[in-house]
Every structure is written in C-alpha cells, then in structure tokens.
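In the text below, chain A, chain B and the rest are named by the order of the sequence lines, each starting its count at 1.
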Number of protein chains: 2
Amino acid sequence: MIDPAEATVDGRPTPTLEEVAREAGVSRSTVSRVINDLPGVSARAREAVNRAIERLRYVPNEAARSLVTRRTNSIALVVSEPGDRVFGDPFFAGVLRGIHAGLAGSKRQLVLMLAGDDAGDEGEALENYLCSGHVDGALVVSMHGSDPLPGRLATAGVPVVAGGRPLGGAGVPYVDADNFTGGLLAARHLVSGGRRRIATIAGPEDMAVGIDRLVGWRRGLSEADLPTDAVVHSDFSVDGGAAAMAELLRRHPGIDGVFAAADIIAVGALRELTRQGRRVPEDVAVVGFDDSVFATSVTPALTTVRQPVEEFGRTLTWRLLAQLAGERHLPPSILLPTELVVRGSA
Amino acid sequence: MIDPAEATVDGRPTPTLEEVAREAGVSRSTVSRVINDLPGVSARAREAVNRAIERLRYVPNEAARSLVTRRTNSIALVVSEPGDRVFGDPFFAGVLRGIHAGLAGSKRQLVLMLAGDDAGDEGEALENYLCSGHVDGALVVSMHGSDPLPGRLATAGVPVVAGGRPLGGAGVPYVDADNFTGGLLAARHLVSGGRRRIATIAGPEDMAVGIDRLVGWRRGLSEADLPTDAVVHSDFSVDGGAAAMAELLRRHPGIDGVFAAADIIAVGALRELTRQGRRVPEDVAVVGFDDSVFATSVTPALTTVRQPVEEFGRTLTWRLLAQLAGERHLPPSILLPTELVVRGSA
DNA sequence: CCAACTATTGGGAGCGCTCTCACCCTTCGA
DNA sequence: TCGAAGGGTGAGAGCGCTCCCAATAGTTGG
C-alpha cells in the first residue's frame, strides 16, 4: 500500500483546488471556473490561476468532480461476446481504432467491459453497474440474439448506441455497415462471373450481421433465378470456415462459387478447397467480406466486400457523444456503405 | 442532458447508502461494513442490509468511494503506439484477452489509453493523469525506444508493470516472452534443416522484442559458424514483411532460409517469395514468430515460434494485482517460455 | 448623487461514501 | 457486586469538487 501522504510527480503531495487557489491568490470558485472554462473570470485572474496550475502540476480529482456533477467522463465499450473471440478479429480491432479516434479530444476515457458468457449473475451485475451512473454512456457491440442489454440501458436512461443492428429491435440507436447490400454485391459479382451453383457460408444465425449478409446474398441469386439453398452457417474463425466449406462440398459437390460472410471464414474455405484439390478461382470462385488484412495475405488474394471499419468506430463514438451533448434530431440509425473489391479469388 | 432527478433501472432514483440504511433499519456505518465485508457486524444486521440492497438494487457510488479511499478500482492499459497498428495485431489481441481474464473477479475495470504519437503535449497530459491517482496502477505495453513513461510512473509511486522488456532498463518490473530463446530455436531449426544461407526479417530496431529475437537468431547461426549479415528490419505488417523480403532477396539472392520476427511479417515474406517464383519450403524455408491465426491461414502453414500470448496478459495482470495487494518479494521480471511449432514452411 | 445594473468574486452547502471514535450492552473474572 | 473486556453500533468529520447565492466593485442613467 502506498503511504497515505500520497505522492505524485517528484514526490510532492497531490495538490488540490484549494491549494491552487491559495497559490493564485483567488478563491476556490474562481479556480473552478477557470478549469471548467466558465465565463465571468477576469483575464488577470484566469492567468494567475493557469500559472498556479502549471506550477503545481495540478490535475483535477476526477472522483470528487464526478461525485457532484454526476458525470464520469468515461464511456463503456461493452462487448457482448464470450470474450474468447472478439479481440483478434481484425474487424473488431479496426472498430476499436475508430472508437479511439472518435474519442480523441473529447477528454473522455474508454472503459472496456466484456459481458462474459450468458446473462447469468454477471450480466445483472454489469447492467446494474452501467445503470448506476458509473459511465456517461455505452457502446454495445457484437451482440448475439436479442440481447436485452441495450434496450435495458436505454430504458434506464443511459445513453447507448449499438454497433450493429440489434436483433431485438428495441428502439436503440445503432450504427451498422450496409450488410444487405454487401451480400447483394457479392452475389451479383459471382453471378456476373458466370457462376451458376453459388453457395454461402453465412455468419452466426443469431447475429444481425450474419442474417443481413445472407439475405442480401439470397436477393442477388433470386434476381438471377438461381437457387439459394446452399447455405451453411459458421462462426467467425478460420477453422469454422474450413469446416463449413467441407460441409458445403459434401452437400453440394457442384458448387462453383462461394460467398463467405467474413474474410476469416473465406480463409478457412480457401484452405479446405485447396485441400480437396479445387482450384480458386478456376473451379470455385470465393468472395469474402471485410477487406481485412486476411484478404491480401492469402493466395489468391480475396475478392471481398469492404466495409469501413474504422469509420464504423468513429461514427459509433460520434453518435454517442452527440447524444451526450444533448443534440436533438439525431438519426436513429446509420448505415455505412459497403463496396466490392475485386481481386484474384473471384 | 438527463434530468437531475437521475433515473436508474425502472426509473427510480439511484439509492444511496443512507437509504439502504433506513430501509434496513441500521446506520450508514453498518451498511458500509457489510458492503466492504468488514468484521464486526451481527448476522442479523448483515442479512437485513443484504435484503435492503437487493430490494433497492443498490450499487455503491464509485466516485464517492474513491474520493475517500483514494482507490479507483480501475487500472490503465497504456499502449505506447502511434495507435494505428496495435489493434489488429493478433498478438495484442491475445494479450488483451489474457489481461481481461486476469482481471476477472478482481472487481477492477480496465481503462484503455493510447499514448498517441511522440511525447509532445499529450504525453505529459497522460503522465499527469496517471500520476494523479486516477487509476490504481498501469500496464504499459508495446513500448518503443527507451520510453520514459514506465520509469516516471514508477518514480511517482504509481504501480506499473511493463509488457515487454523496457529498453530504458529503468527498474520497472516487466513480463516478457523469452524472445532470445525463440530466435535461437528458429535459427537452430533452420540450420538443422540443412539451410546454409539464412536471413532474418527482424522487428523494429527500437523495440526489445525486435532486438531480442534478432540476438537469439544471431546466436543460433554463430553456433553453426554461419554468417549473420543478412538482416533487414520491418514493422509488424504484411506489406512491411513483403518489402523486407524483396530487399533481402535483392541483397542476398542465395538465401535459403528466413526467420521472420512475427507471423504477420512471415505472411508478407511468403507472398513476396511466391511472387518471385521461389517455392516454400523447397527453395526457401520460412519460420515465423507468434503462432498466431496467420500461421495456419497461409499455405504452406507456418513453422513458427509460439509464445503464450494469453498467459502473457494474465501474468501481466497478476503481477500488477499482486503489487497492488501489497505483496512483497515479487519477481522483478518474468520471462515466459517460447517453443517451436513445426509445420510446412520450414 | 443615488438607484439600478452588470461583471467579478468568495463563502458555504453538500455530492455519497469511509473511517475514527465514542458509546452502548453483554459477558466474565475477581 | 463491580470493573474490565469486548462485540456491535451509530454519530460525525471530512475526501475535493461544483454550484448556488450573496457580496462587492465598477458603470451607467436619471
């Protein structure tokens, strides 16, 4: 334990508002006004205070501040995922980067919270925590099924924005990529490449991202009067993608095109196709989704649907900050464009 | 803005200690004792309090608490990186997962902080922030050069553990993988495979992780009296790896083995080798480092040095928590074992 | 010259919690 | 029977800050 006579930079005790005030020859109130950039302070006083702050290396005590203002200057990033996957996914990484970029200059901290496994006891604890004013707002990403959390938070008055369309449909604002159009573009590309027996390795059935891409793909095939029955679901992993590809080949040996709902899945599919001696793209064309680092790290490079991951994160943050700032008439949901990137695999 | 008459779960105002006390028919002190699990409370009172807490859905106000205890129940994860890379790196992802796992059950929150670009103004702000008791401790990872931050924090009395050996050498405790041995194992494997003209694509020159692996590789070649001059540095990216490989082939066309300081670099190297018509492993053997998802997503699968990423994160957290708990005689540094995983590329 | 303002400032009351200390009420040994 | 020794409890004083309100100084108009 640290000595109660708390030490800070070069061993002096942490200065308080009071001490800054004394040093500057003004009152606490004035210092507070300067710190919070409130009007009604003479230039002279303001300058004296700033000098004192500089000299004492004063940093406001966030705890004291948030005790009275009931703001915490921190927002939570809640990841509704068994925790095991999430990180490691280039998509999530990009989003995180975007979130951070969006937060820069806002003086707010990012608190990372993994909503462990299924609801259970921990889920309730998390909800209570978030609802009790420990964060100013929350970003909820990677939801499965109709996760009640975002809705509950919103109901409790905690500003929340979902990353990815919430399945429950609760009136929670969200930001998402245009997954439907992405799936549609992928399907159309395969069709226009002359493929006739087109399958898809869809994402998890309980996530909007999986569903929307699948629906887009279906539409693309239907437009061309092609069958849409070659569907297998997979989680977002290489091995999952490989297993799904194997299953697909078993059920529909005549496949000549595959749309994988994520690059990482496509990588697995590619591996399985190669293993079984099918050439890509000659025998089977493969289209991925994400345009992540995986897309260009395999041979042949993946034709894939690009989604603006970093913008995704930035937009998410922006939306929440705007809400926190009390802005009105914010769009309830924002869809970011997706586009096809053609490379060697299809 | 939210109505000052703050609302929480189902719209009731946030309950305070006082109200719980009233509800339970005891005093604030007793409730506080129950919450903090302190002795000296009769079973009857304890139960009454717990019931009241349950009924009111009471959650302690962290701000008020930390104002008086001077603990925040949160620790910072400081990533000293231009922010652009970091995430997206499966290594970092794994560490993050480990950190989170290590934190589970400790009631502490993880606050993510990116130490933007070079020191500058922002660097000082970050340092002040961390030194002013806003977090109980800090984990600093991905340091470049002789980053002064960890040393400064330690001096200021902020418990800190570095992830990766700090180059400055400041007496900051750290956790790291045994990179030297990893490099050594990689080199020996290439040598024992009959390779005679062995190169390396080392990591950044200003990071311990890059240096240590390089030194290990050198030792491995020296043992076999092989030259150690074929060295090119690269950042941790596919494109960087490809460029480095191209450079290497230009300078040393006779290369028959390459040790890449990271799988992601190896992926780039593989791409360039393929592009130039060299077969792997027939013409050139490639060994990576990390045993990340990339290792098995390319063809041929990478022979690589595995480091226990998740354990890395867990150990980091454990070490910091132990320090926070006031444990004495903690090891100043911890080296985690690395091992060779043989696959197709070498 | 005074009332009526406005610009600037300081004082004080908490925010919700922890923690020390004094005060019970038992129980027990002498 | 009384004093000592505790276990259990509650009152009170802040932690460092914000924010309301009153006070003061400086202007202006009538």
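No contact: B:A63 has no heavy atom under 4.0 Å from any strand. The residue B:P60 sits close only to the backbone: its heavy atoms come under 4.0 Å of sugar-phosphate atoms, none of a base.
Contact annotation: A:S42 side-chain N/O to C:dT9 OP1/OP2 distance is under 4.0 Å. For C:dC15, the OP1/OP2 oxygens have no side-chain nitrogen or oxygen of B:N61 closer than 4.0 Å. For B:S27, a side-chain nitrogen or oxygen approaches OP1 or OP2 of D:dG10 to under 4.0 Å. Using a 4.0 Å cut-off, no side-chain N or O of B:S29 falls inside it from OP1 or OP2 of D:dG10. Between A:T30 and C:dG10 there is a side-chain N or O to OP1 or OP2 distance below 4.0 Å. Checking the phosphate oxygens (OP1, OP2) of D:dG16, a side-chain nitrogen or oxygen of B:R70 falls inside 4.0 Å. Taking 4.0 angstrom as the limit, A:S32 places a side-chain polar atom (N or O) nearer than this to OP1 or OP2 of D:dT18.
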**Prompt:** So A:R46 and A:D37, salt bridge (Lys or Arg N to Asp or Glu O under 4.0 Å) or not? Walk me through it.
**Reply:** CA-CA 10 Å; A:R46 183 176 302 271; A:D37 212 27; 3.7 Å; yes
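Salt bridge status for A:E18 with A:R22: absent, with no side-chain N to carboxylate O gap under 4.0 Å.
A donor-acceptor contact under 3.5 angstrom links the side-chain atoms of A:R33 to the base of C:dG10. Side-chain atoms of B:R28 come within donor-acceptor range of the base of C:dT18, with a qualifying N/O pair under 3.5 Å.
If you measure from atom CZ of A:R71 to atom P of D:dC17, you get 15 Å, rounded to the nearest angstrom. Taking atom CG on B:L67 and atom C1' on D:dG14, their separation rounds to 9 Å, with Å as the unit.
When each of B:V175, B:I99, B:V160 is paired with B:L139, the side chain to side chain contact (heavy atoms under 4.5 Å, CB included) condition holds for B:I99 and for no other.
At a cut-off of 3.5 Å, with distance as the only test, no side-chain donor of B:Q109 or B:N73 sits close to an acceptor on the other residue.
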